[in-house]
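Below is one structure, written out as structure tokens, with a few remarks after it.
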Amino acid sequence: MRLSKFPLHTAKETPADAEVVSHQLMLRAGYIRKLGAGLYSWMPLGLRTLSKISQIVREEMNAAGALELLMPAVQPAELWQESGRWDVMGAEMLRFKDRHKNDFCYGPTHEEVICHHVKQDFRSYKQLPINFYQIQTKFRDERRPRFGVMRAREFLMKDAYSFHLDAADLGREYYNMREAYTRIFTRVGADFRVVKADSGNIGGALSEEFHILAGSGEDLLAVAEGGTYAANVEAAETRPSGQPRAAASAALEKVSTPGQKTCEQVSKFMNVPLTGKVKLLVVKAADGGLIGIALRGDHELNEIKAAKHPKIASPFEMAKPEDVQKAFGCEVGYLGPVGCPIPVIADHAAVEFADFVCGANDNDHHYKGANWGRDCAEPETADLRQVCEGDPSPDGKGTIKFYRGIEGGHIFQLGQKYTKAMSLSVLDAQGQAVTPEMGCYGIGVSRMAAAVIEQSHDANGIIWPDAIAPFRVLICPIGMDKSAAVKDAAESLYTALTQAGIEVALDDRGQRPGAMFADADLIGIPHRVVIGDKGLANAQFEYKQRRAASAEMIPATAEAVLEKLR
RNA sequence: CGGGGCGUAGCUCAGUUUGGUAGAGCGCUUGCUUCGGGAGCAAGAGGUCGCAGGUUCGAAUCCUGUCGCCCCGACCA
């Protein structure tokens with residue numbers, strides 16, 4: 001590609017509304033342009049990278065035995081009513097009517113549609129297993145789109161759906177996809193981790209996320225140092241310590257603690273560590289009433305775990321302060337398990353110590369020397385808290401450390417949730433109707449481009465891995481319009497590399513060197529060849545890898561350049 | 001959804017408090033000089049000041065409405 005014929009709209013100044021580095025650089029380098037909130041056009045330069053990621057995904061999905069198809073982005077409401085998600089999805093799903101006043105949505109995902117098609121054409125166990133995928137534009141009306149294409153409303157996604165006769169075969173395909181994803185993320189050049197995940201409102205049993213590690217990531221990951229455990233903190237388990245609780249040694253004593261409402265305040269006021277306090281949260285119970293959740297003073301509730309507890313309402317909802325006042329006769333801030341008027345579930349860690357401090361269920365008062373079993377009932381326990389950095393890994397191997405990550409892929413074993421809802425069945429070898437097991441596997445293709453930039457950039461701009469760079473090599477001729485030697489050398493190198501199948505760009509815009517170098521660094525082309533009279537006098541090109549600190553001189557031949565690309 | 005902020009040239013922003021002929025830098029066009037890390041000089045082009053209504057002799061500026069965009073929050077015992 002000759003840059004004189006290619007729209008390279010780079011900017012020196014950082015756009016005002018871009019917060020994260022990838023968004024800033026993609027705008028400055030002209031990869032994307034914004035159309036509206038969470039809506040971006042991919043300009044020719046950006047589309048080259050986006051297409052490369054798509055192609056890697058496509059190649060690995062094909063190699064893994066999945067079959068590409070393409071479904072409509074617009075979907076009729078009936079399918080969603082059938083699965084029961086028309087009412088569940090909420091405002092995130094963009095809905096509209098056609099001219100006949102029929103309801104439609106712009107597909108946020110395609111479980112319903114693929115189930116519909118499998119139902120149309122699949123009758124026999126002999127036709128299973130099958131894995132369909134597509135690379136397609138999705139729309140999710142995010143409550144708050146941000147970070148450019150990283151959390152856009154419209155985005156490019158690879159979504160795959162597999163169908164199986166039994167759970168064992170689903171498990172096999174799940175690991176097949178896990179392997180394919182690992183190859184995809186590796187080829188794209190990302191530093192990533194596979195972590196256990198919460199399956200969210202998609203449902204299903206087992207699920208894992210592929211996270212691209214970056215400090216700006218929206219997700220917090222709990223990874224075991226010195227072990228293999230890794231999970232999104234949303235899903236990271238905690239385990240009882242296994243240490244027996246010390247015997248009660250102090251008498252229960254009510255203490256005046258005027259105005260001390262938070263754990264931190266009480267801890268400081270009474271001079272006890274946060275780890276010696278039990279806090280009580282009041283939430284909506286599954287039966288419509290209220291239920292207390294006891295946590296150690298320094299721990300935080302994991303709402304996702306709470307919502308999964310059979311006695312706690314799902315979706316999770318904190319009790320209103322008025323309702324707490326009515327039930328306890330005191331303000332939120334003085335609640336505790338001793339003399340608690342509602343049932344209590346405790347996190348494991350909240351029952352592992354004796355002589356604790358807690359709210360007295362009386363304004364401006366706390367208890368000290370409180371003990372489970374003596375001053376209040378031994379509560380039911382469960383894993384309800386957020387994992388902490390430094391916790392032992394739940395599998396016993398290693399210690400938890402936190403990382404930030406950008407979710408680039410997510411794989412699920414859905415089981416029969418959708419196949420059942422959509423009344424899908426095939427006949428097995430015995431002629432019996434069987435509901436297939438289903439898996440689904442997504443990759444945020446457009447997000448991945450931004451995530452790689454978050455991970456790979458410097459003060460001058462993007463640093464693309466070779467595999468997804470819009471061009472692998474950029475030729476910068478110095479004084480091309482003045483020097484016939486430079487022009488000839490640049491043209492013949494350009495031709496030779498093109499013929500060798502290398503994606504090469506020739507900066508024939510007639511820019512000054514500084515401007516060419518600044519653009520080269522900003523758009524992040526991994527290999528740069530500078531051709532000038534000085535070098536040619538010694539039969540040399542200057543070669544520089546984008547990531548390298550300095551350039552080197554190489555023989556002025558296409559072979560020498562190709563050698564550098566190997 | 002709640003809170004805060006911003007809409008003025010392609011981009012980044014002044015100007016609004018205190019109403020009086022629309023500004024700068026970058027970018028763009030032309031010419032000359034320059035030419036190894038975003039050149040210099042000169043001459044230009046480019047804005048119904050988000051939109052609608054109102055107040056006023058006069059509105060980018062004041063008032064009302066509206067649309068768009070951005071940020072923060074949605075863990076509290």
Side-chain angles (χ1 to χ4, degrees), chain A residues 8-20 23-24 27-28 30 33-39 90-92 141-148 233-234 257 259-267 274 277-283 292-306 316-321 324-325 328 330-337 340 357-361 363-364 366 384-386 459-461 476-483 486 507 509-522 528 530-536 542 544 550-551 553:
Chain A
L8 202 61
H9 294 130
T10 54
K12 266 188 250 186
E13 281 170 304
T14 300
D17 55 8
E19 283 287 305
V20 295
H23 190 197
Q24 293 171 351
L27 287 169
R28 278 189 58 204
R33 287 291 179 247
K34 180 170 152 181
L35 188 62
L39 300 174
E92 197 178 273
D141 202 352
E142 291 280 345
R143 53 185 191 249
R144 195 176 148 205
R146 57 188 140 172
F147 306 150
V233 290
E234 291 178 350
T257 53
Q260 311 297 313
K261 294 187 182 186
T262 69
C263 280
E264 287 71 20
Q265 288 170 344
V266 172
S267 166
L274 271 178
K277 187 175 184 303
V278 169
K279 63 182 173 186
L280 188 73
L281 314 192
V282 180
V283 306
I293 298 178
L295 294 169
R296 200 171 81 184
D298 58 323
H299 285 155
E300 288 182 0
L301 179 65
N302 180 318
E303 295 185 7
I304 291 169
K305 290 180 185 176
F316 175 85
E317 200 180 337
M318 294 299 295
K320 292 196 179 69
V324 171
Q325 179 76 40
F328 285 75
C330 74
E331 283 178 58
V332 162
Y334 301 99
L335 306 181
C340 177
V357 168
C358 65
N361 301 321
N363 280 349
D364 298 330
H366 281 76
L384 294 168
R385 73 177 172 95
Q386 197 91 317
N460 293 334
C476 297
I478 307 289
M480 194 181 185
D481 50 342
K482 290 268 163 45
S483 166
V486 168
D507 194 344
R509 297 174 298 169
Q511 293 284 331
R512 300 161 57 86
M516 279 196 285
F517 298 156
D519 278 344
D521 287 351
L522 178 58
R528 188 185 77 188
V530 179
I531 301 177
D533 277 321
K534 278 191 231 166
L536 288 180
E542 177 190 297
K544 182 176 177 297
S550 57
M553 300 310 291

> So, does the side chain of A:Glu13 form a donor-acceptor pair with the base of B:G25 at under 3.5 Å?
Replying inline: yes
> Ignoring hydrogens and angles, are the base of B:C75 and the side chain of A:Glu300 linked by a donor-acceptor pair under 3.5 Å?
Replying inline: yes
>> Using a 4.0 Å heavy-atom cut-off, does A:Val324 contact any base of the nucleic acid, only the sugar-phosphate backbone, or nothing at all?
In response: nothing
>> Under 4.0 Å, heavy atoms only, any strand: does A:Gly479 hit a base, just the sugar-phosphate, or nothing?
In response: nothing
> Contact class for A:Arg528 vs. all strands (heavy atom < 4.0 Å): base, sugar-phosphate, or nothing?
Replying inline: base
> For A:Asp364, what residues pass the salt bridge (charged side-chain N to carboxylate O under 4.0 Å, His left out) criterion, not counting sequence neighbours?
Replying inline: none
> Just to confirm, is there a sub-4.0 Å distance from OP1 or OP2 of B:C11 to any side-chain nitrogen or oxygen of A:Lys12?
Replying inline: no
> Reckon A:Lys277 touches a base, only the sugar-phosphate, or nothing at all at heavy-atom distances under 4.0 Å?
Replying inline: sugar-phosphate
> Looking only at atom C1', what distance separates B:C49 and B:G68, rounded to whole Å?
Replying inline: 16 Å
> If you look at every strand shown and take non-hydrogen atoms under 4.0 Å, does A:Cys476 touch a base, only sugar-phosphate, or nothing?
Replying inline: nothing
> Of the nucleotides B:C69, B:C71, B:G38, which has the atom closest to the A:Glu19 side chain?
Replying inline: B:C71
> If you look at every strand shown and take non-hydrogen atoms under 4.0 Å, does A:Gln511 touch a base, only sugar-phosphate, or nothing?
Replying inline: nothing
>> Under a 3.5 Å cut-off for both contacts, is B:C49 paired Watson-Crick or G-U wobble with anything, and if yes, with which nucleotide?
In response: none
>> Looking at A:Arg509 and A:Asp519, is there a salt bridge between them, counting it only when a charged N and a carboxylate O are closer than 4.0 Å?
In response: yes
> Roughly, in whole Å, what's the span from NZ in A:Lys279 to P in B:C75?
Replying inline: 13 Å
>> Taking only the P atom of each, what is the distance from B:G10 to B:G47 in whole angstrom?
In response: 8 Å
> Which part of the nucleic acid, if any, lies within contact of A:Arg33, taking any heavy atom under 4.0 Å across all strands shown: a base, the sugar-phosphate backbone alone, or nothing?
Replying inline: nothing
> When all nucleic acid strands are considered with a 4.0 Å heavy-atom cut-off, which category describes A:Val282: base, sugar-phosphate, or nothing?
Replying inline: base
>> Counting the atoms with a prime plus P, OP1 and OP2 as sugar-phosphate, which does A:Lys34 contact under 4.0 Å by heavy atoms, base, sugar-phosphate, or nothing?
In response: sugar-phosphate
> With both distances kept under 3.5 Å, what pairs with B:G73, Watson-Crick or G-U wobble?
Replying inline: B:C1
> For B:C11, which nucleotide in any strand shown is its Watson-Crick or wobble partner with both distances under 3.5 Å?
Replying inline: B:G25
> B:G38, B:C35, B:G37: which one has an atom nearest the side-chain heavy atoms of A:Asn460?
Replying inline: B:G37
> A:Ala515 side chain: which of B:G37, B:C35, B:G38 is closest?
Replying inline: B:G38
>> Heavy atoms from C-beta onward define the side chain here; which of B:G37, B:C35, B:C75 lies closest to that of A:Arg512?
In response: B:C35
> NA contact type, A:Glu303, heavy-atom cut-off 4.0 Å: base, sugar-phosphate, or nothing?
Replying inline: sugar-phosphate
> Given the C1' atoms of B:G37 and B:A43, what is the spacing between them in whole Å?
Replying inline: 29 Å
> Quick one: does A:Arg146 reach the base of B:G73 with a side-chain donor-acceptor pair under 3.5 Å?
Replying inline: no
